[in-house]
Amino acid sequence: MTARHRPDIVLVLTDQHRADVSAREGFPLDTTPFLDELGRSGAWFDRAYTTSPLCCPARTSLMTGRFPSAHRVTQNPARPLAVRDADLFSEARAAGYATAMIGKNHTYLDASSVDHWVEFMHDGQVTTPSKALNKEFDKWLAALRHRTHEKPTPFPVEAQNPHRIVDEALAWAAGVPEGRPFLLTVSIPEPHNPYQVPDPYFSLFPEESLPPTRTGAEVLEGKSFPWRYLRSLGERAVADYEGAIAPSRSNYFGMLRLIDDELRRLLTGLESRHRVRERVVVATADHGDFAGEYGLVRKGAEIPDILARVPLVVNGDAVRPSTSGAPRPEHVSLADLMPTLCEAMGRELPDGVQGRSLWPLLTGRPCPAEEFSSSYVEQGMGGLPYGPEDVAGQMPGLIFDGPDGEPRWDELNAATQSGRRRKVRSGDWTLYADVVGDFRLYNLREDPLELVDRWSDPAAADERVRLLSLLAVWQMRAEDPLPTVPDGYRLKRDPRNHLAPYRHSEGKGQSS
């Protein structure tokens, strides 16, 4: 691969961004017109999945190409303990790329991992910003305590995280010589709560214009304990939880549109460079948000499709556009992005990587269809699942209130994150399994919100067996191959981590 064809890579990562709330997926509000345009002129996936619907596990998977059960970050506080070897940034540096992480990190990475580092979180810039306006906004943002602001944010767009992050990204990129490729990660903390947005975005999607949610809190009685506990935590922290859902949704959709405009500004600002250099643009998210469905906001309960499925758009000089702007049919994972970008940079996959390279299918080269006929998600920090009998007396370590006794709205607590859960998606069907033997089967085409369990349905017996077989294979794929033994036996590896060419085609329960 010549220097001319080593593409610049722009990786845009949003936080808590639901895949289905876009016009390209049929949502009635036009929340992401530019991202939709990028998808139509490139490739977009409507069967892309996180590795875990939780920030740190998902982001660690994106950077390492490893599943949470391998990198061991199964809860946010475990982020510095990631088990890994090489990662996306170390591979980019080894390939001679300039590297930058600008925005939300929330992984084991630190400033030494890249050439340029500017960190933001949900309360604004981590290091003290230089502008007085930005200092004031960050102070105001922190005072929201991750809640919902029910009026337009009293600060201009220029003070918002996405705008400042794009400013930083463009300033850095302008200083990278055209002869040197770069890996630029633009990690936007929104549309994660706090739910807030200034005009004109606040007024784009007023409450009275919102499409109704398809479910409400009434369905929680048919769900497992973590779902009901999640609702009770919100009600404990917010006086009118139900009343806050509509303004939260308005802000959420407005934030998506603001992010979309900033994405357009980012890529427009890079156009002069990319008239000279090839590029690959990847836009995705770590996980979704309930955004009012099931009478909930934020995340935290199990691994429903609404949280596990993520947006994924890939565009670039070498990327073959989707047919008529339609979504790609493959089932893909955040863990696949690291090996995909390694191949785009001309790097072999490092030891320990479990994701599959998507580069052949993105560039129109032969790729076994069966390789991407399913995807796999993990959730849970271990131990036994908590139940209502455990929280009745508020056992220590389940939730932690503020220092003054103020109720803390912590959706990622011991009760919602305990146990182990797994999900497999293949075609229209998805299988849920947990450590205490709760199995559920859903047809997502007929039942996208997973309200009708088909596990015991005789008519779904074949799908039950097929997905159980896939789950068994995925759990073996997700076992950690590290550490490698110096001078020991050599593992047989596919150069792209593809499994399909080696599978027994006549085995029972194989996917079609």
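In what follows, every heavy atom counts, from backbone to side chain, and hydrogens, waters and symmetry copies are set aside.
Considering only residues two or more places apart in sequence or on other chains, A82 meets the side chain to side chain contact (heavy atoms under 4.5 Å, CB included) condition with T60, V73, R84, Y108.
Here R24 does not pair with D46 in a salt bridge; the nearest charged N to carboxylate O distance is not below 4.0 Å. Between E262 and R265 a salt bridge is recorded (basic side-chain N to carboxylate O distance below 4.0 Å). At a threshold of 4.0 Å, the pair D289-R249 does not count as salt-bridged, since none of the basic side-chain nitrogens sits closer than that to a carboxylate oxygen. Using a cutoff of 4.0 Å between basic side-chain nitrogens and carboxylate oxygens, R164 and D138 are scored as salt-bridged. Taking 4.0 Å as the cut-off between side-chain N and carboxylate O, R231 and E242 count as a salt-bridged pair. Electrostatic pairing of D8 and R273 counts as a salt bridge here, judged by a charged N lying under 4.0 Å from a carboxylate O. Salt bridge annotation for R279-D317: absent, with no cationic side-chain nitrogen under 4.0 angstrom from a carboxylate oxygen. A salt bridge is absent between K139 and D123: the closest approach of a Lys/Arg side-chain nitrogen to an acidic carboxylate oxygen does not fall below 4.0 angstrom.
Residues H192 and H17 place their aromatic rings such that the two centres sit no closer than 6.0 Å. Aromatic pair F89/W117: centroids not less than 6.0 angstrom apart. In summary, the aromatic rings of F155 and F137 are positioned with their centroids under 6.0 Å apart. Ring centers of Y229 and Y386: at least 6.0 Å apart, outside the cut-off.
If you check the side chains of R66 and Q354, you find no donor sitting under 3.5 Å from an acceptor. There is a side-chain donor-acceptor pair under 3.5 Å between Q160 and Q196. Neither side chain, N134 nor Q125, offers a donor N or O lying under 3.5 Å from an acceptor on the other. If you check the side chains of H163 and E158, you find no donor sitting under 3.5 Å from an acceptor. A donor and an acceptor atom, one from each side chain of S333 and S375, are nowhere located under 3.5 Å apart. For the residue pair T32 / D36, a side-chain donor-acceptor distance below 3.5 Å is found, with atom types taken as modelled. Side chains of Q16 and D286: a donor-acceptor N/O pair is absent below 3.5 angstrom, by distance only. No side-chain donor from either of Y97 and D115 sits under 3.5 Å from a side-chain acceptor of the other. Side-chain N/O atoms of E293 and T215 include a donor and acceptor closer than 3.5 Å. Side-chain atoms of R59 and S187 include a donor-acceptor pair closer than 3.5 Å.
Residues E190 and N161 share a closest heavy-atom pair of OE2-ND2, 2.9 Å. A pairwise comparison of heavy atoms in V114 and T99 identifies CA-OG1, 3.4 Å as the closest pair. Closest of all the heavy-atom pairs between A98 and R180 is N-NE, 3.4 Å. Heavy atoms only, all atoms of each residue included: P162 and I259 are closest at CG-CG1, 4.1 Å. Contact detail for T107 and N105: the closest heavy-atom pair is OG1-OD1, 2.7 Å. Minimum interatomic distance between S69 and R422 (heavy atoms only, all atoms of both residues): CB-NH2, 4.2 Å.
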Verdict with reasoning, S203 to D199, per side chain to side chain donor-acceptor pair (under 3.5 Å) = CA-CA 6 Å; S203 301; D199 272 331; 2.6 Å; yes
Q417/L54 under side chain to side chain contact (heavy atoms under 4.5 Å, CB included): CA gap, chis, key distance, verdict = CA-CA 10 Å; Q417 301 304 298; L54 190 58; 3.7 Å; yes
Would you check, one step at a time, whether the test side chain to side chain donor-acceptor pair (under 3.5 Å) holds for K135 with T128?
-> CA-CA 7 Å; K135 291 179 184 177; T128 303; over 6 Å; no
Check the pair L263, V12 against side chain to side chain contact (heavy atoms under 4.5 Å, CB included), reporting the backbone distance first and the verdict last.
-> CA-CA 8 Å; L263 176 58; V12 179; 3.8 Å; yes
Take D305 and Y49 through the test side chain to side chain contact (heavy atoms under 4.5 Å, CB included) and record every step on the way to the result.
-> CA-CA 9 Å; D305 223 58; Y49 281 82; 2.7 Å; yes
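Side-chain N or O atoms of T416 include one that pairs as donor or acceptor with a backbone N or O of E411 at under 3.5 Å. Remark: the backbone N or O of E378 is paired with a side-chain donor or acceptor of S52 at under 3.5 angstrom. Without hydrogens or angle criteria, Y442 side chain to P304 main chain gives no donor-acceptor distance under 3.5 Å. Judged purely by atom type and a 3.5 angstrom limit, H71 uses its side chain to pair as donor or acceptor with the backbone of P57. Side-chain atoms of N413 come within 3.5 Å of backbone atoms of D410 as a donor-acceptor pair (strictly under, hydrogens ignored). Side-chain atoms of N251 come within 3.5 Å of backbone N or O of V197 as a donor-acceptor pair.
Using a 30° and 60° split on the angle between ring planes, H116 and W172 fall in the parallel class, below 30°.
With a 6.0 Å radius and a threshold of 12 heavy atoms from other residues, nucleotides or ligands, L384 has its CG atom at or below the threshold.
Partner of Q379 under the side-chain hydrogen bond (donor to acceptor under 3.5 Å, both in side chains) criterion, chosen from E302, R421, H287: R421.
Identified under the ring pair (Phe, Tyr, Trp, His ring centres under 6.0 Å) test for residues 240-269, with sequence neighbours left out: F27-F253, Y241-W409.
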